[in-house]
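Lettering follows sequence order; numbering is per chain, from 1. Keep in mind that the numbers below use all heavy atoms, side chains included, and drop hydrogens, waters and symmetry copies.
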Number of protein chains: 2
Amino acid sequence: MEKKTNKTKQSSHIQSVEKAILILDILSKKNEGMSLTQISQKLKYPKSTVHGILATLRDYKFVEQSEETGNYKLGTRLFELGNKVARSWDIRDAAIPIMKKLNKQFGETVHLGAEDNGDMLYLEKIDANHLINISSEVGVRLPMHCSGLGKVLLAQKSPAELKRFINQKGLPALTRRTITTQSALEKELEKIRKQGYAIDDGEIMEGLRCVAAPIKDANGIIRYAISISAQVRDLYGTRLNQVIQETVRAANQISKELENL
Amino acid sequence: MEKKTNKTKQSSHIQSVEKAILILDILSKKNEGMSLTQISQKLKYPKSTVHGILATLRDYKFVEQSEETGNYKLGTRLFELGNKVARSWDIRDAAIPIMKKLNKQFGETVHLGAEDNGDMLYLEKIDANHLINISSEVGVRLPMHCSGLGKVLLAQKSPAELKRFINQKGLPALTRRTITTQSALEKELEKIRKQGYAIDDGEIMEGLRCVAAPIKDANGIIRYAISISAQVRDLYGTRLNQVIQETVRAANQISKELENL
DNA sequence: GCAGTTGTTCGGTATTATCGAACTATAGTT
DNA sequence: AACTATAGTTCGATAATACCGAACAACTGC
């Protein structure tokens, strides 16, 4: 009778909903799409189970089938909902005009980011004027400890919170410049707190430098950050100083916008 | 035994998944969020049912709870997935650079759209340089028969398809200039086919004019369109002609990109 | 035409979603 | 502060429903 009683006791989840979510998750990793059997094998669900859930998701446009291959892919309804979410954030309205100004001043890529469950989540991006563009993308997650945006946000965590963060996420290295020890990170964050901005020096990607400054929400809590990214060879000396100054200024301006909103 | 056998016979849907989807749908209509009871009342589901589904969705970030109000809103995972969907479309990569060029030439708002189940769906938008911006938004749907983008796409439907479209969607009027009769629409579409572009003259919104041109995909099928929108008072005479010429040219250029991709 | 694969349908089984009601927490009122 | 009213959460019994395996159908490629 009790076949799998003690298997996964965790917190009650509606199974079929969870399965649907996991199907979407797995589809999000393959943008060429997946076939029914691929999904069913990967998730170890019987084909008929997957079939039923996919049919439901399809009818509501959460997934769609490629006409040629018949493969399932994420559907337009998710696109719609995702944009709805983006539009619901006041931060975007406040930040985008100022980000654009910053982009005009230096011609470089400008990012807006926030923490989402221990990850850096890119909320918005203004592309550089030149053709070589940073290959980041809105809606993408990145480890916090190696991006300028992430470090700025980490800098205001309490020691306990920081510890918890490191335990949960670790400090994986993306390049050989990535900070990978707790002590080094603590020192770096202390520095960031003092100077009021962060610099990422090839910690995500060799040759990429970025300057990030914190944004306070209406309650004065640092919850967002903006950054300018460019090749190291375009961002040094006096220009770097200018960029720092202007980035901090822009971030403060956005904070002020959020205050009286 | 058979309490509700003949209630909803339609096609088999996994109930709980469907309920989860409907919860997301209803949340997407209120961006200030909704409380558990509001949702449960609106959808006529018992509170405990909604509670369970929401808990599952919450744990996977498909919804999140406002810290102050406790209201449920769409979550960041949807933002992530939505952007994933957007990135999976090659059309965006091909179109965006050319759309930006078009935006630079005239300084006006440029849109990219496609049909999604009988609606115009905005896929991408480049904002105008000036402050007065069209209040359209990416990820939003609009009736096809009253936007330039939509009319361009309608123009290549067969009479039977057009008929089906009208039956399904009707021809609701958004302004007093909106085309609301089948015969008027047929005439308009014929004109569009001849000239190779469409003009929307205040049919969505009084005072707004927009010029749209079709984009062919790799198989030569018109599946997308771009448009320039501006106030009528900024878009007439020789400038209008220039805009038409350049919009068509840009659309053709994008079609060519898609060909050899 | 046949083997191999993938997608779809079907029906019995018991797992699991469901629902009402009881319970707790929270907010508002006097 | 106590009390009311509302919202949110937990619980447990019930049977409806998701689940699964297997059989069937539809393709594909050889």
Side-chain angles (χ1 to χ4, degrees), chain A residues 1-27 30 32-60 62-73 75, chain B residues 1-27 30 32-60 62-73 75:
Chain A
M1 252 168 222
E2 53 279 336
K3 263 191 204 164
K4 42 163 90 171
T5 310
N6 57 350
K7 234 186 165 180
T8 42
K9 200 31 175 290
Q10 31 189 16
S11 60
S12 62
H13 273 173
I14 277 83
Q15 281 203 358
S16 41
V17 174
E18 191 167 38
K19 281 179 180 159
I21 289 173
L22 291 175
I23 288 173
L24 293 177
D25 277 359
I26 207 175
L27 283 176
K30 306 254 181 194
E32 68 277 13
M34 293 174 84
S35 71
L36 175 69
T37 19
Q38 281 177 312
I39 298 171
S40 112
Q41 280 169 356
K42 196 92 185 180
L43 293 177
K44 307 269 183 56
Y45 301 153
K47 283 195 295 179
S48 43
T49 302
V50 176
H51 182 74
I53 294 173
L54 279 176
T56 310
L57 291 173
R58 168 160 36 75
D59 290 356
Y60 288 95
F62 275 64
V63 303
E64 59 191 17
Q65 273 181 288
S66 152
E67 291 177 6
E68 309 98 69
T69 63
N71 272 6
Y72 289 92
K73 312 192 309 171
Chain B
M1 252 167 219
E2 53 279 336
K3 264 191 204 166
K4 42 163 87 171
T5 310
N6 56 350
K7 234 185 161 178
T8 44
K9 200 33 176 287
Q10 31 189 14
S11 60
S12 62
H13 274 172
I14 277 81
Q15 281 204 1
S16 40
V17 174
E18 191 168 38
K19 281 178 181 162
I21 289 172
L22 291 175
I23 288 174
L24 293 177
D25 277 359
I26 207 175
L27 282 177
K30 306 254 180 195
E32 68 276 14
M34 292 174 85
S35 72
L36 175 69
T37 18
Q38 280 177 314
I39 298 170
S40 112
Q41 280 169 357
K42 196 90 184 179
L43 293 177
K44 308 267 184 56
Y45 301 153
K47 283 196 296 179
S48 42
T49 302
V50 175
H51 182 75
I53 294 173
L54 279 176
T56 308
L57 291 173
R58 170 163 32 79
D59 289 356
Y60 287 97
F62 276 63
V63 302
E64 59 191 17
Q65 274 182 287
S66 151
E67 291 178 6
E68 309 99 67
T69 65
N71 272 6
Y72 289 92
K73 312 192 309 172

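Using modelled atom types, one side-chain atom of B/Thr56 and one backbone atom of A/Ile14 make a donor-acceptor pair closer than 3.5 Å. A/Glu64 places no side-chain N or O within donor-acceptor distance of the main-chain N or O of A/Lys73, the cut-off being under 3.5 Å.
Between B/Gln15 atom CD and C/dT18 atom C1' there is a gap of 9 Å when expressed in whole angstrom units. Rounding to whole angstrom units, NE2 of residue A/His13 and C1' of C/dA17 are separated by 14 Å. As rounded to whole Å, 17 Å separates atom C1' of D/dT10 from atom CD1 of B/Ile53. Atom CG of B/Leu54 is separated from atom P of D/dT10 by 13 Å (rounded to the nearest Å). For the pair B/Leu43 CG and C/dC19 C1', the interatomic distance rounds to 16 Å; values are reported in whole Å. In this structure, B/Leu22 places its CG atom 16 Å from C1' of C/dT18, rounding to the nearest Å. The nearest whole Å value for the distance from the NZ atom in B/Lys44 to the P atom in C/dC19 is 13 Å. Whole-Å rounding puts the B/Glu67 CD to C/dT26 P distance at 16 Å.
Summarising the geometry of A/Thr49 relative to A/Lys19, their closest heavy-atom pair is CG2-CD, 4.3 Å, with the distance given to 0.1 Å. The minimum heavy-atom distance between B/Asn71 and B/Glu32, with the atom names listed, is ND2-O, 3.7 Å. The two atoms that bring B/Ile39 and B/Leu27 nearest to each other are CD1-CD2, 4.0 Å, heavy atoms only.
In this structure, A/Gln38 and A/Tyr72 have side chains that are not in contact, with every pair of non-hydrogen atoms separated by 4.5 Å or more.
Regarding contacts with the backbone of D/dA18, every side-chain N or O of A/Ser16 stays at 4.0 angstrom or more from both OP1 and OP2. Distances shorter than 4.0 Å separate some side-chain N or O of A/Lys19 from OP1 or OP2 on D/dC19.
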Contact letters for nucleotides 2-10 of chain C, in which S counts primed atoms plus P, OP1 and OP2 and B counts the base, heavy atoms under 4.0 Å: ----SBBBB
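In the helix from C/dG1-D/dC30 to C/dT30-D/dA1, the terminal helix axes, each the rotation mapping four pairs' C1' atoms onto the next four within five end pairs, subtend 50°, rounded to 10°.
In this structure A/Ser16 satisfies the side chain to side chain donor-acceptor pair (under 3.5 Å) test together with B/Ser16, sequence neighbours excluded.
Within a 6.0 Å radius of CD in B/Glu67, other residues, nucleotides and ligands contribute 12 heavy atoms or fewer.
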List, one per line, each side-chain donor-acceptor pair under 3.5 Å for residues 41-48 of chain A, sequence neighbours excluded.
none

